[in-house]
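Take a look at the structure set out below.
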Amino acid sequence: MKLPGRNENCWCNSGKKYKKCHLRSDENGETAPPGVTQQVIRHPTVTPGIISPPRQVPDNMALPEYTKSRKPGGRGISCQKETEDEISRMRRAGKVARGVLDSVLAAVKPGITTDALDEIAHLAAISFGAYPSPLHYMGFPKSICTSVNEVILHGIPDNRKLQRGDIINCDVTVYIDGMHGDCSETVLVGKVSDRAHSLVQTTWECMMKGIEVVSPGQHFNEIGRVIESHANKSGYSVFRQFGGHGIGQNFHMDPYIAHYYEPENQTIMEEGMTFTIEPMINAGGPGSKSWSDNWTIVTMDLALSAQFEHTVLVTRNGVDILTGEQKPWFLRGDI
Ligand code: MF3
Ligand code: CO
Ligand code: CO
(Lines give C-alpha, C1' and ligand atoms only; values in the text may rest on other atoms or scores of the structure.)
(Ligands and ions follow the chains in the order given, each with its own letter.)
Protein backbone atom coordinates (compact mmCIF):
# COMPACT_ATOMS: atom_id res chain seq x y z
CA MET A 1 0.00 0.00 0.00
CA LYS A 2 1.19 3.50 -0.85
CA LEU A 3 0.52 6.46 1.43
CA PRO A 4 -2.17 8.81 0.05
CA GLY A 5 -1.32 12.23 -1.38
CA ARG A 6 -1.92 15.28 0.88
CA ASN A 7 -5.32 16.01 -0.66
CA GLU A 8 -6.45 12.41 -1.07
CA ASN A 9 -8.62 10.58 1.45
CA CYS A 10 -6.79 9.39 4.54
CA TRP A 11 -5.89 5.69 4.73
CA CYS A 12 -7.92 5.31 7.93
CA ASN A 13 -11.24 5.78 6.06
CA SER A 14 -12.22 8.78 8.18
CA GLY A 15 -13.39 10.54 5.03
CA LYS A 16 -11.03 13.42 5.83
CA LYS A 17 -8.20 14.57 3.58
CA TYR A 18 -4.88 12.94 4.46
CA LYS A 19 -3.30 16.30 5.37
CA LYS A 20 -6.11 16.97 7.88
CA CYS A 21 -5.92 13.49 9.37
CA HIS A 22 -2.92 11.15 9.76
CA LEU A 23 -0.29 12.99 7.69
CA ARG A 24 1.41 14.63 10.66
CA SER A 25 1.39 11.56 12.90
CA ASP A 26 2.68 9.34 10.09
CA GLU A 27 5.56 11.74 9.51
CA ASN A 28 6.39 11.71 13.21
CA GLY A 29 6.39 7.94 13.16
CA GLU A 30 3.55 7.90 15.69
CA THR A 31 1.25 5.78 13.54
CA ALA A 32 1.85 3.11 10.97
CA PRO A 33 -1.01 2.62 8.54
CA PRO A 34 -1.98 -1.03 8.09
CA GLY A 35 0.23 -2.80 5.58
CA VAL A 36 2.60 0.13 5.20
CA THR A 37 6.18 -0.52 6.05
CA GLN A 38 7.44 2.99 6.08
CA GLN A 39 10.98 3.94 6.84
CA VAL A 40 10.56 6.30 9.79
CA ILE A 41 13.65 8.35 10.51
CA ARG A 42 13.78 9.21 14.20
CA HIS A 43 16.45 11.13 16.01
CA PRO A 44 17.76 10.20 19.45
CA THR A 45 16.10 12.16 22.27
CA VAL A 46 18.73 10.93 24.73
CA THR A 47 22.51 11.02 24.26
CA PRO A 48 25.35 10.12 26.63
CA GLY A 49 25.80 12.80 29.31
CA ILE A 50 28.16 13.57 32.16
CA ILE A 51 28.13 10.94 34.91
CA SER A 52 29.05 12.15 38.40
CA PRO A 53 31.33 10.01 40.64
CA PRO A 54 29.78 7.03 42.45
CA ARG A 55 28.10 8.07 45.71
CA GLN A 56 29.42 6.92 49.08
CA VAL A 57 27.66 4.73 51.63
CA PRO A 58 28.25 4.77 55.43
CA ASP A 59 31.25 2.73 56.63
CA ASN A 60 29.17 0.47 58.84
CA MET A 61 26.65 -0.51 56.15
CA ALA A 62 26.23 -4.22 55.27
CA LEU A 63 27.35 -4.60 51.64
CA PRO A 64 26.34 -7.19 49.03
CA GLU A 65 29.08 -9.66 48.02
CA TYR A 66 29.79 -8.08 44.59
CA THR A 67 31.07 -4.84 46.10
CA LYS A 68 34.01 -6.78 47.53
CA SER A 69 34.89 -9.42 44.94
CA ARG A 70 33.44 -7.50 41.95
CA LYS A 71 31.65 -10.74 41.02
CA PRO A 72 27.97 -11.26 41.79
CA GLY A 73 26.90 -14.43 43.62
CA GLY A 74 25.77 -17.28 41.36
CA ARG A 75 22.45 -17.04 39.55
CA GLY A 76 21.87 -20.74 39.99
CA ILE A 77 20.97 -20.53 43.66
CA SER A 78 17.28 -21.27 44.23
CA CYS A 79 15.01 -18.30 44.87
CA GLN A 80 12.91 -20.55 47.12
CA LYS A 81 12.43 -19.10 50.63
CA GLU A 82 12.37 -21.91 53.17
CA THR A 83 11.75 -20.06 56.42
CA GLU A 84 9.41 -17.39 57.78
CA ASP A 85 12.48 -15.34 58.64
CA GLU A 86 13.65 -15.30 55.01
CA ILE A 87 10.18 -14.35 53.84
CA SER A 88 9.83 -11.54 56.35
CA ARG A 89 13.25 -10.18 55.32
CA MET A 90 12.09 -10.28 51.66
CA ARG A 91 8.93 -8.37 52.63
CA ARG A 92 11.10 -5.77 54.31
CA ALA A 93 13.37 -5.42 51.24
CA GLY A 94 10.28 -5.05 49.03
CA LYS A 95 8.79 -2.33 51.28
CA VAL A 96 12.04 -0.39 51.40
CA ALA A 97 12.51 -0.61 47.61
CA ARG A 98 8.95 0.75 47.24
CA GLY A 99 9.64 3.59 49.69
CA VAL A 100 12.78 4.60 47.80
CA LEU A 101 11.01 4.39 44.41
CA ASP A 102 8.19 6.60 45.73
CA SER A 103 10.65 9.27 46.87
CA VAL A 104 12.27 9.27 43.43
CA LEU A 105 9.00 9.39 41.48
CA ALA A 106 7.68 12.22 43.68
CA ALA A 107 10.64 14.30 42.49
CA VAL A 108 10.18 13.73 38.75
CA LYS A 109 9.40 17.03 37.01
CA PRO A 110 10.58 18.95 33.96
CA GLY A 111 14.09 20.38 34.50
CA ILE A 112 15.35 17.89 37.10
CA THR A 113 18.42 15.87 36.08
CA THR A 114 18.53 12.09 36.30
CA ASP A 115 21.65 12.56 38.48
CA ALA A 116 19.51 14.49 41.00
CA LEU A 117 17.02 11.57 41.00
CA ASP A 118 19.95 9.24 41.67
CA GLU A 119 20.97 11.35 44.67
CA ILE A 120 17.43 11.30 46.07
CA ALA A 121 17.29 7.50 45.73
CA HIS A 122 20.74 7.04 47.21
CA LEU A 123 19.98 9.16 50.28
CA ALA A 124 16.53 7.59 50.73
CA ALA A 125 17.99 4.06 50.65
CA ILE A 126 20.63 4.98 53.21
CA SER A 127 18.05 6.63 55.44
CA PHE A 128 16.21 3.26 55.52
CA GLY A 129 19.50 1.50 56.34
CA ALA A 130 19.60 -0.11 52.88
CA TYR A 131 22.36 -0.37 50.28
CA PRO A 132 21.35 0.75 46.74
CA SER A 133 22.00 -2.54 44.91
CA PRO A 134 22.98 -1.20 41.45
CA LEU A 135 25.94 0.75 42.89
CA HIS A 136 29.10 -1.16 41.78
CA TYR A 137 27.02 -4.12 40.56
CA MET A 138 29.21 -5.48 37.75
CA GLY A 139 30.75 -2.03 37.55
CA PHE A 140 27.50 -0.02 37.34
CA PRO A 141 28.48 3.47 38.52
CA LYS A 142 25.24 4.85 40.06
CA SER A 143 22.59 3.92 42.61
CA ILE A 144 19.52 3.51 40.33
CA CYS A 145 18.77 3.10 36.62
CA THR A 146 16.95 5.91 34.78
CA SER A 147 15.72 5.01 31.29
CA VAL A 148 14.20 7.88 29.28
CA ASN A 149 12.08 7.59 26.06
CA GLU A 150 13.86 5.24 23.61
CA VAL A 151 16.12 3.88 26.38
CA ILE A 152 14.80 0.40 27.16
CA LEU A 153 16.79 -0.28 30.33
CA HIS A 154 19.94 0.34 32.37
CA GLY A 155 20.14 4.07 31.63
CA ILE A 156 22.85 5.64 33.79
CA PRO A 157 21.78 8.79 35.68
CA ASP A 158 23.63 11.82 34.30
CA ASN A 159 23.26 15.57 33.78
CA ARG A 160 20.38 15.31 31.26
CA LYS A 161 17.39 17.40 32.35
CA LEU A 162 13.94 15.86 31.99
CA GLN A 163 11.79 17.58 29.38
CA ARG A 164 8.03 17.98 29.21
CA GLY A 165 6.75 15.09 27.09
CA ASP A 166 9.45 12.61 28.18
CA ILE A 167 8.64 9.27 29.74
CA ILE A 168 11.12 7.92 32.29
CA ASN A 169 11.50 4.55 33.99
CA CYS A 170 13.17 4.69 37.41
CA ASP A 171 14.39 1.28 38.57
CA VAL A 172 15.23 0.90 42.26
CA THR A 173 16.82 -2.12 43.91
CA VAL A 174 17.88 -2.16 47.57
CA TYR A 175 19.75 -4.61 49.78
CA ILE A 176 18.71 -4.82 53.42
CA ASP A 177 18.79 -7.59 56.04
CA GLY A 178 20.60 -9.80 53.52
CA MET A 179 17.88 -9.57 50.82
CA HIS A 180 17.32 -7.57 47.64
CA GLY A 181 13.99 -5.96 46.64
CA ASP A 182 13.54 -4.66 43.08
CA CYS A 183 10.86 -2.47 41.47
CA SER A 184 10.38 0.16 38.80
CA GLU A 185 7.74 2.39 37.25
CA THR A 186 7.55 4.48 34.11
CA VAL A 187 6.11 7.97 34.66
CA LEU A 188 5.10 10.85 32.42
CA VAL A 189 6.94 14.16 32.54
CA GLY A 190 4.23 16.79 32.14
CA LYS A 191 1.82 16.26 29.29
CA VAL A 192 2.93 13.50 26.89
CA SER A 193 1.62 12.35 23.49
CA ASP A 194 -1.36 9.97 23.41
CA ARG A 195 0.97 7.42 21.87
CA ALA A 196 3.34 7.63 24.85
CA HIS A 197 0.50 7.47 27.35
CA SER A 198 -1.02 4.36 25.83
CA LEU A 199 2.36 2.61 25.66
CA VAL A 200 2.87 3.25 29.38
CA GLN A 201 -0.69 2.13 30.16
CA THR A 202 -0.35 -1.09 28.14
CA THR A 203 3.05 -1.86 29.69
CA TRP A 204 1.59 -1.54 33.20
CA GLU A 205 -1.30 -3.81 32.20
CA CYS A 206 1.22 -6.33 30.82
CA MET A 207 3.03 -6.48 34.17
CA MET A 208 -0.24 -6.81 36.11
CA LYS A 209 -1.50 -9.59 33.81
CA GLY A 210 1.80 -11.40 34.32
CA ILE A 211 1.43 -11.11 38.10
CA GLU A 212 -2.19 -12.29 38.07
CA VAL A 213 -1.28 -15.73 36.71
CA VAL A 214 1.27 -16.43 39.48
CA SER A 215 0.36 -19.29 41.83
CA PRO A 216 1.90 -22.58 43.00
CA GLY A 217 1.85 -25.25 40.28
CA GLN A 218 1.63 -22.71 37.46
CA HIS A 219 4.08 -22.84 34.52
CA PHE A 220 6.49 -19.90 34.40
CA ASN A 221 5.82 -19.67 30.67
CA GLU A 222 2.26 -18.51 31.40
CA ILE A 223 3.70 -15.12 32.45
CA GLY A 224 5.29 -14.52 29.06
CA ARG A 225 2.27 -15.87 27.23
CA VAL A 226 -0.17 -13.35 28.73
CA ILE A 227 2.29 -10.46 28.51
CA GLU A 228 3.22 -11.03 24.87
CA SER A 229 -0.35 -11.50 23.78
CA HIS A 230 -1.49 -8.28 25.50
CA ALA A 231 1.42 -6.25 24.05
CA ASN A 232 0.92 -7.58 20.53
CA LYS A 233 -2.79 -6.77 20.63
CA SER A 234 -1.85 -3.08 20.78
CA GLY A 235 0.77 -3.46 18.04
CA TYR A 236 3.70 -3.28 20.47
CA SER A 237 6.64 -5.64 20.76
CA VAL A 238 8.22 -7.36 23.73
CA PHE A 239 11.93 -6.77 24.35
CA ARG A 240 13.51 -10.21 24.66
CA GLN A 241 17.15 -9.80 25.68
CA PHE A 242 16.43 -9.22 29.37
CA GLY A 243 13.71 -10.62 31.58
CA GLY A 244 12.58 -11.04 35.15
CA HIS A 245 14.67 -13.03 37.60
CA GLY A 246 14.66 -14.87 40.86
CA ILE A 247 15.72 -12.54 43.68
CA GLY A 248 16.63 -12.87 47.34
CA GLN A 249 20.07 -13.16 48.92
CA ASN A 250 21.40 -12.45 45.41
CA PHE A 251 20.30 -9.68 43.06
CA HIS A 252 19.76 -11.92 40.01
CA MET A 253 18.94 -15.58 40.64
CA ASP A 254 17.29 -18.41 38.75
CA PRO A 255 14.83 -18.71 37.19
CA TYR A 256 15.07 -16.35 34.20
CA ILE A 257 11.57 -15.10 33.44
CA ALA A 258 10.85 -14.40 29.77
CA HIS A 259 8.18 -11.84 28.96
CA TYR A 260 7.36 -13.67 25.71
CA TYR A 261 5.89 -17.15 25.29
CA GLU A 262 8.37 -20.00 25.64
CA PRO A 263 6.33 -23.20 25.10
CA GLU A 264 9.32 -25.45 25.82
CA ASN A 265 9.92 -23.97 29.29
CA GLN A 266 8.45 -26.47 31.76
CA THR A 267 9.58 -24.80 35.01
CA ILE A 268 6.82 -24.70 37.62
CA MET A 269 6.18 -22.09 40.34
CA GLU A 270 6.45 -23.23 43.94
CA GLU A 271 5.24 -21.68 47.17
CA GLY A 272 7.97 -19.51 48.73
CA MET A 273 9.64 -18.46 45.47
CA THR A 274 10.43 -14.78 45.06
CA PHE A 275 11.08 -13.31 41.63
CA THR A 276 10.51 -10.21 39.52
CA ILE A 277 8.17 -9.55 36.62
CA GLU A 278 9.45 -6.57 34.64
CA PRO A 279 8.25 -6.40 31.03
CA MET A 280 9.92 -3.95 28.66
CA ILE A 281 7.50 -3.09 25.85
CA ASN A 282 8.58 -1.25 22.69
CA ALA A 283 6.22 0.96 20.69
CA GLY A 284 8.08 -0.08 17.52
CA GLY A 285 10.13 -3.19 16.77
CA PRO A 286 11.80 -5.49 19.32
CA GLY A 287 15.34 -4.66 18.13
CA SER A 288 17.87 -2.87 20.31
CA LYS A 289 21.42 -1.60 20.43
CA SER A 290 23.78 -0.86 23.26
CA TRP A 291 25.65 2.40 23.83
CA SER A 292 29.43 2.27 24.15
CA ASP A 293 29.03 2.62 27.95
CA ASN A 294 28.01 -1.08 27.71
CA TRP A 295 24.96 -0.45 29.91
CA THR A 296 22.43 1.78 28.17
CA ILE A 297 20.22 -0.18 25.78
CA VAL A 298 18.04 1.75 23.32
CA THR A 299 15.49 0.67 20.74
CA MET A 300 17.01 0.06 17.31
CA ASP A 301 14.30 2.19 15.64
CA LEU A 302 14.45 4.84 18.43
CA ALA A 303 10.74 4.34 19.13
CA LEU A 304 9.62 4.65 22.76
CA SER A 305 10.00 1.84 25.28
CA ALA A 306 8.37 1.50 28.72
CA GLN A 307 8.82 -0.84 31.69
CA PHE A 308 7.26 -1.70 35.05
CA GLU A 309 8.64 -4.08 37.68
CA HIS A 310 7.47 -5.72 40.89
CA THR A 311 9.05 -8.31 43.16
CA VAL A 312 6.49 -11.02 43.96
CA LEU A 313 6.19 -13.97 46.38
CA VAL A 314 4.37 -17.19 45.47
CA THR A 315 2.01 -17.86 48.38
CA ARG A 316 0.01 -20.99 49.25
CA ASN A 317 -2.91 -19.95 47.07
CA GLY A 318 -1.64 -17.17 44.84
CA VAL A 319 0.76 -14.27 44.90
CA ASP A 320 1.81 -11.35 47.09
CA ILE A 321 3.29 -8.24 45.51
CA LEU A 322 6.18 -7.40 47.85
CA THR A 323 6.87 -4.01 46.28
CA GLY A 324 3.42 -2.47 46.85
CA GLU A 325 -0.15 -2.79 45.64
CA GLN A 326 -0.71 0.94 45.19
CA LYS A 327 -1.93 2.75 42.08
CA PRO A 328 0.94 3.46 39.67
CA TRP A 329 2.23 7.05 39.57
CA PHE A 330 1.36 7.67 35.89
CA LEU A 331 -2.35 7.26 36.74
CA ARG A 332 -2.20 9.87 39.49
CA GLY A 333 -2.34 12.84 37.13
CA ASP A 334 0.32 14.83 35.35
CA ILE A 335 3.51 15.75 37.09
N1 MF3 B 1 17.19 -3.31 38.55
C2 MF3 B 1 17.56 -4.00 37.34
C3 MF3 B 1 16.67 -5.22 37.26
O4 MF3 B 1 15.50 -5.06 37.33
C5 MF3 B 1 18.99 -4.38 37.29
C6 MF3 B 1 19.91 -3.24 37.26
S7 MF3 B 1 21.51 -3.83 37.21
C8 MF3 B 1 22.40 -2.43 37.18
O9 MF3 B 1 17.05 -6.35 37.21
F10 MF3 B 1 23.59 -2.76 37.37
F11 MF3 B 1 22.20 -1.81 36.02
F12 MF3 B 1 21.98 -1.65 38.12
CO1 CO C 1 14.92 -3.51 38.59
CO1 CO D 1 14.82 -6.83 38.21
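Note that ligands are numbered from 1 as they come in the structure, with each ligand's atoms numbered from 1 the same way.
Residue contact annotation: H252 places no N/O/S atom under 2.8 Å from the Co ion (ligand 3). Not a single N, O or S atom of D171, from either the backbone or the side chain, sits less than 2.8 Å from the Co ion (ligand 3).
Listed by number with element, the atoms of ligand 1 under 4.0 Å from a non-hydrogen atom of E278 are 3 (C), 4 (O), 9 (O). Near T173, meaning under 4.0 Å from any of its heavy atoms, are these atoms of ligand 1: 1 (N). Close contacts of ligand 1 with P134, meaning ligand atoms under 4.0 Å from a residue heavy atom, involve 12 (F). Those atoms of ligand 1 that come under 4.0 Å of a heavy atom in C145, given as number and element, are 6 (C), 11 (F), 12 (F). Those atoms of ligand 1 with a heavy atom of E309 less than 4.0 angstrom away are 4 (O).
Heavy atoms of H245 approach ligand 1 to within less than 4.0 angstrom. Distances shorter than 4.0 angstrom do not occur between any heavy atom of M138 and any atom of ligand 1.
Closest to the Co ion (ligand 3) among the N, O or S atoms of E278 is OE2.
Looking from atom 2 (C) of ligand 1 to the surrounding protein, the closest heavy atom is D171 OD2, 3.4 Å.
At under 3.5 Å, a nitrogen or oxygen of H252, whether backbone or side chain, sits near a nitrogen or oxygen of ligand 1. Close N/O approach between D182 and ligand 1 is found [any backbone or side-chain N/O within under 3.5 Å].
The pair E222-R225 meets the salt-bridge criterion, since a charged nitrogen lies less than 4.0 angstrom from a carboxylate oxygen.
Atom CD of Q326 has more than 12 neighbouring heavy atoms from other residues, nucleotides or ligands inside a 6.0 Å radius. Within 6.0 Å of CD on E84 lie no more than 12 heavy atoms contributed by other residues, nucleotides or ligands. By the neighbour-count criterion of 12 heavy atoms within 6.0 Å, atom CG of N7 is densely surrounded, having more than that number from other residues, nucleotides or ligands.
Residue nearest to atom 11 (F) of ligand 1, selected from Y137, F140, F251: F140 (by heavy-atom distance).
Around the Co ion (ligand 3), the two atoms OD2 of D182 and OE2 of E309 are separated by an angle of 80°, to 10 degrees.
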**Q.** Trace of the salt bridge (charged side-chain N to carboxylate O under 4.0 Å, His left out) decision for R98 with E185
**A.** CA-CA 10 Å; R98 163 51 55 188; E185 286 191 31; 3.0 Å; yes

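Side-chain contact of T315 with D320: a donor-acceptor pair under 3.5 Å is absent, judged by distance alone. If you check the side chains of T113 and D115, you find no donor sitting under 3.5 Å from an acceptor.
Put simply, the residue from L313, I223, T311, D182 that forms a side-chain contact (heavy atoms from CB on, under 4.5 Å) with F275 is I223. When each of I152, V151, L304 is paired with T299, the side-chain contact (heavy atoms from CB on, under 4.5 Å) condition holds for I152 and for no other.
Between F330 and F308, a ring centre-to-centre spacing shorter than 6.0 Å is recorded.
Here W295 has side-chain heavy atoms under 4.0 Å from ligand 1, and that is the only part of it that gets that close.
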